[in-house]
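In each ligand, atom 1 is the first atom listed, and ligand 1 is the first ligand listed. Because the structure is a prediction, the values reported are computed rather than measured.
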Amino acid sequence: MTSGVPGSRDVVPTKGVLGLDEDSLISCVACGLCLPHCPTYRATGDERRSPRGRIALMRDAESGEYTLDNEWFESMETCIQCLGCESACPAGVPFGELMGGTRAAMADLRPPPIRLRAGLWILTRPRLLHLGSRLLAVMQRLHLVPRSGFLPDRLPLHGSRLPHPSDGDVVLFTGCVMDAWQPDVHDAVQEVLEAAGSTVVRSGRAAGCCGALHEHAGLHEDAGRLAERVMGALPASLPVLVDSAGCGAALKAYGRMLGTPEAEAFSARVLDVHEWLADRLDFLPPADPEGRGRVIVQDPCHLRHAQRAHTSVHRVLDHCADVVELDDDGLCCGAGGSFSMLQPDLASAARERKVSAIARASERSGATMVVSANPGCSMHLAAAGIEVRHPLELVAEHIRQSATREEV
Ligand code: SF4
Ligand code: SF4
């Protein structure tokens, strides 16, 4: 038995308080091979901030003989849910499922802070989110908004600049924050898809937020409601393409989350947009052998570890640029949805390692351009002074430059 730390609100659990699958829990053989892939263990050297330690603490909780004290909750709350450990685990421990179940139980035992729940509520109100973002953009230009590590320094004053067809052969999922804060990225993606021969319908405000951040915070019922809304708002048979790794991972997980045949069928037609394009590179203008730049690629965890689809970004970029990979084995940058807001010190420590990896890549290759296929990672790295673009913004520029060359 462990006693609670002074001042903490201890919870005395009953056996099975987390509702986790016992076979999954005992599949961890405590080998420790995941430890170097865990950003919070790398930052702290603390076993309780490691995957192995967290699994041991989950087992303790499920035994019913352990008091869930403040330290227990912090061990779980400091997990970024990056799944670097799951990719590295030779025993196939489903860490994401274990942590997802733990977070869902924690949402009742120690609910997420009110500021997070307020932020998540706004994400489900697209009109309010867009209006608030424009207002903030104006206030930023009047120097009325203090710099924060979470909000981009310069929000856009405009939305999408492209016409949006009402009918098409693919859906571009536009989400919530990315639609309000990075409309130029969606425009670039639409431009590339159209160059590859597709007509693009946007998911828009009717579909809204995918619920990834709600699920991340353990708010399983809210995430389920948002998933139902997304599925109900989109055409029943078209491929759903996603240009945000976090949203893509969430949409691909609807089948597992809701457990219905409809949700499984929906998830089966979701693709990261690079997966779609990687099979259609012949439709894009050929690379200019003399004009190829070099680009450093940051693999978002939700693409590399959750979707296992990061190589499609490399294949697409390779069409028009020389790809420079990082040497950190996909270690998380610390963004982790709302993690950088809730755990700023650990998020900064993880980011410092990523910044160093980018500096090493730049030194050995001479490349200065950095790309990431996840808006959360881009914004987190931008707060450390690194300009990060979406991979398809580069491809869109390649297409425009090729068109200009042809005209000359
Ligand atoms: S989670 Fe996997 S890699 Fe990590 S200690 Fe357990 S068995 Fe080993
Ligand atoms: S999900 Fe990421 S932060 Fe959490 S234990 Fe695994 S590697 Fe560490």
Item to check | side-chain hydrogen bond (donor to acceptor under 3.5 Å, both in side chains) assessment of R54 paired with T78 | outcome: CA-CA 10 Å; R54 289 177 174 123; T78 51; 3.0 Å; yes
Checklist entry - Taking only residues at least two apart or on different chains, which pairs with a member in residues 241-268 satisfy salt bridge (charged side-chain N to carboxylate O under 4.0 Å, His left out)? => result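 Listed by first then second residue: K252-E275.
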Item to check | Heavy-atom pair of closest approach, residues L57 and M76 | outcome: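 Closest heavy-atom pair between L57 and M76: CB-CE, 3.7 Å.
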Item to check | Within the 4.0 Å heavy-atom sphere of ligand 2, strictly under, residues | outcome: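 Within 4.0 Å of ligand 2, protein side: H37, C38, P39, T40, P51, R54, C79, I80, Q81, C82, L83, C85, F95.
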Next on the checklist: Show every side chain to side chain donor-acceptor pair (under 3.5 Å) that has at least one partner inside residues 131-141, sequence neighbours left out.
Outcome noted: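 Found S133-W181.
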Just jot down the ligand 1 atoms closer than 4.0 angstrom to any heavy atom of [X], in number order.
X	answer
G32	5 (S), 8 (Fe)
A30	5 (S), 6 (Fe)
C31	3 (S), 5 (S), 7 (S), 8 (Fe)

Item to check | Donor + acceptor pair across side chains of T174, H186 (<3.5 Å) | outcome: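 No pair is found: no donor N or O on one side chain lies under 3.5 Å from an acceptor on the other.
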Checklist entry - Between H314 and D299, is any side-chain donor less than 3.5 angstrom from a side-chain acceptor? => result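 Side-chain D/A pair, H314 to D299: present.
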Next on the checklist: Do R117 and W121 form a cation-pi contact, if we require the NZ or CZ to be under 6.0 Å from the six-membered ring centre and within 45 degrees of the ring's axis?
Outcome noted: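 No, a cation-pi geometry is absent between R117 and W121.
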Checklist entry - Which pairs, with at least one residue in residues 335-393 and sequence neighbours excluded, count as a ring pair (Phe, Tyr, Trp, His ring centres under 6.0 Å)? => result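 Sorted pair list: H274-H390.
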Next on the checklist: Could you check whether any heavy atom of P90 sits closer than 4.0 Å to an atom of ligand 1, since that is the contact criterion I want to use?
Outcome noted: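 Yes, that is the case, since the closest heavy atom of the residue is under 4.0 Å from the ligand.
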